[in-house]
2 protein chains.
Amino acid sequence: MSTLSEVAAHAGVTSATVSNVLRNRGRVGEQTRQRVLEAVAALGYRPHLAARALAEGRAPTIALMVSSIANPFYPEFVLAVERAARTNGHFVIVCNTNQDPLAGRAYLEQIAGTLSEGVLVMNANLDFADLHQTQARGTPVVLCMWERPNDPPGLPCVAVDFRRAGELAAQHLLELGHRHIVAIVGSKRGGIHAARYEGFVDTLRHAGVKLPRTCVRYAPDTIEGGYAAARELLELHPLTTAIFATNDLPALGSIHAAFDLGRNVPQDLSVLGITDIQLARQSRPPLTTVAVPTVEAAEMAVSLLRELIERPPAAHHAVHQTARHAAHTARNSDSAREQPRICVASEPRLIVRGSTGAPRRKRG
Amino acid sequence: MSTLSEVAAHAGVTSATVSNVLRNRGRVGEQTRQRVLEAVAALGYRPHLAARALAEGRAPTIALMVSSIANPFYPEFVLAVERAARTNGHFVIVCNTNQDPLAGRAYLEQIAGTLSEGVLVMNANLDFADLHQTQARGTPVVLCMWERPNDPPGLPCVAVDFRRAGELAAQHLLELGHRHIVAIVGSKRGGIHAARYEGFVDTLRHAGVKLPRTCVRYAPDTIEGGYAAARELLELHPLTTAIFATNDLPALGSIHAAFDLGRNVPQDLSVLGITDIQLARQSRPPLTTVAVPTVEAAEMAVSLLRELIERPPAAHHAVHQTARHAAHTARNSDSAREQPRICVASEPRLIVRGSTGAPRRKRG
DNA sequence: TTGAAAGCGCTAACAC
DNA sequence: GTGTTAGCGCTTTCAA
């Protein structure tokens, strides 16, 4: 691993010059530039990113917090984030909080501002206070998929209208003629899926279709969770013709439950979810779902983060600032907080596949 | 973001002392230690990881190269890697090579040795020459799942006996009484899945069961790939009673194909794969498969990497070395190369679930 | 037990 | 155009 000054020596110039040609800064004579380039090639020089980070006062990485990358939704998202980040010259560090706010805090404390110049948060079950703190310390934070555009979280975020997703789902079921519907909510009551559920229920209600409490289950956001919930629901309400799940995983589990109960999907039972993860396409029958703009959201999140990194929102009281690097500006916080940026991603849209259909006229 | 010397000033000591108390190095008086700790708390000091990396000559991260994290197998692996890495004090940077060796090289060139002190390679379709080069430059590299323990790759690796996995699969089918078998290989002919396939074929042959060329398909290692291959195979060989796929994803696709062809699994057709990804448990019917020790391999890989980082294998010719940091040792390469370490993970084992059974006596 | 000082590899003023 | 110089925040000899 050769260093800048080794290259400089080899080219008979000074390291500043090498630095300049490498970053196309400052005017450099054509011949020196050539000599430098040769030296770089000859020595196989590669810049030391940690050193550069230190000197520049900024890191080449961003941290992506997820609760557990094993959730089949995340990898798709991580992929998109990584792609977008790369084109901005950032590497991404995956931080599995494992649903534990303490683990999340530990990550934030170590990484934010020292190894990563920004933090992306994807439903990682983090303490908002921690997030605000890292922000106050000067490291931009953005929430990747805020579920309620009309109810801003007080942090920069990209919002996706999940309420609308719920509405779309209900509408589809209604149009098909379903009236005996049950719902599986993939989070705690009032939890993260609340907006999806409300959109669904409200739409049903407007159409005069009730969804009594016994027709909804709060379950883990997994295939197994959906499976168990669907079985219970189906056994309790044998006349059910459609199951709505607030996420694809439980919807997939519901299809399995139907299968095990000897019910054919979609002939005997319609099932639909929200998100459109890859698996949705790959189930038998393929899952009807309300697609959410995952990749778009990832890209927006990355670009919002980049923006925040480049031009940190001015703090209201101009803070005493001796620091050489502007990135450390937004230091103060509570007294005068400006509205955090919020980007709204495009609307969810219904994707009709094989798991929904009209209910049978009569059921046995 | 306060710095060491700010803390030092606040505590009335010098930054060296603060550094010492923070890392429990050097003897420090109990009272100064207390004052320092208070100052740290008061200022909310957190060490700057990039600065530390530069000073120590080592980075707190490792790079994990994968071809595309969207493959459902990887996240499970990434999760395990991340956990293991964290307990070693390393963050992990995910590098999607996207099947492109050039992308892989770009990653290696930028990251290795400058931002990451080690690289883990998980089937990332990389150029071995690049890998050797980064190793020669002093950054340890380990291959995460080498498929042929008896045929070392010339790089440190953790090996899993995938040939054995193929044997186990064949044995299971044989014991159930299957004789009309087809196979789907999830890689190019002679590609990464070759060992699995050979183990399978050889075991069949020893039992006197032939697997003619028309009974095997090389297909993409995906659900869709398996689906298409299975359909072809099944249409070509209607008497088939069992499908073996070298990976779970194509096996899952095969189940779908059977479904669409009106064949019941396992009554009309048995299907099995290799790996035991989470999805295998969650299909209908659940997939019989040969489980491979994913988590164990991840942990072994991380710990092998750590070992290599801590005690880099001595180069044979003691290389001229002025560098202050020992990590830059193993610089030379080809003429006198010592045997790279290879760790063998525990054996694959058969997991019988619902997708395999005895063949029907007679078929219509 | 503590401090002074050098240096990790790089960038960025500023001077020449 | 190119070199000089002073750091970035930390660790680590070596002295005191």
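Below, read A as the first sequence line, B as the second, and so on, with proteins coming before strands; counting in each chain starts at 1.
Atom pair Y45(B):OH and dC10(D):C1' shows a separation of 7 Å (rounding to whole Å applied). dA12(C) atom C1' lies 15 Å from atom CZ of R58(A), rounded to whole Å. Remark: C1' of dT2(D) and CZ of R25(A) are 17 Å apart, rounded to the nearest angstrom. Distance R27(B) CZ to dC14(D) C1': 14 Å, rounded to the nearest Å. Counting to the nearest Å, the C1' atom of dT11(C) and the CG atom of L4(A) are 9 Å from each other. Atom CG in L54(B) sits roughly 17 Å away from atom P in dG7(D) (whole-Å rounding). Residue L49(A) contributes atom CG, which lies 10 Å from atom P of dC10(C) at whole-angstrom precision. At whole-Å resolution of the value, CD in Q31(B) and P in dT1(C) are 11 Å apart.
Checking dA4(C), dC10(C), dC10(D) against the side-chain heavy atoms of H48(A) singles out dC10(C) as nearest. Checking dT12(D), dT11(C), dA12(C) against the side-chain heavy atoms of A16(A) singles out dA12(C) as nearest.
Close to dT2(D), at under 4.0 Å from its OP1 or OP2, lies no side-chain N or O of T14(A). Residue T17(B) has no polar side-chain atom (N or O) positioned under 4.0 Å from OP1 or OP2 of dT2(C). Residue R23(A) places none of its side-chain N or O atoms closer than 4.0 Å to OP1 or OP2 of dC10(C).
The environment of E30(A) atom CD is dense: over 12 non-hydrogen atoms of other residues, nucleotides or ligands sit within 6.0 angstrom.
Nearest-nucleotide mapping onto DNA chain C: of T32(B) and A51(B), the residue sitting toward the 5' end is T32(B).
Across N24(B), N20(B), T17(B), a single residue satisfies side-chain hydrogen bond (donor to acceptor under 3.5 Å, both in side chains) together with R33(B), and that is N24(B).
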Between T97(A) and S67(A), is the side chain to side chain donor-acceptor pair (under 3.5 Å) condition met? List the steps.
CA-CA 5 Å; T97(A) 65; S67(A) 52; 5.3 Å; no

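Looking at heavy-atom distances under 4.0 Å, T3(A) makes contact with sugar-phosphate atoms alone, never a base.
In summary, E117(B) and R58(B) engage in a salt bridge, as defined by a charged side-chain N under 4.0 Å from a carboxylate O.
No donor-acceptor pair under 3.5 Å is formed between the side chain of T134(B) and the backbone N or O of L108(B).
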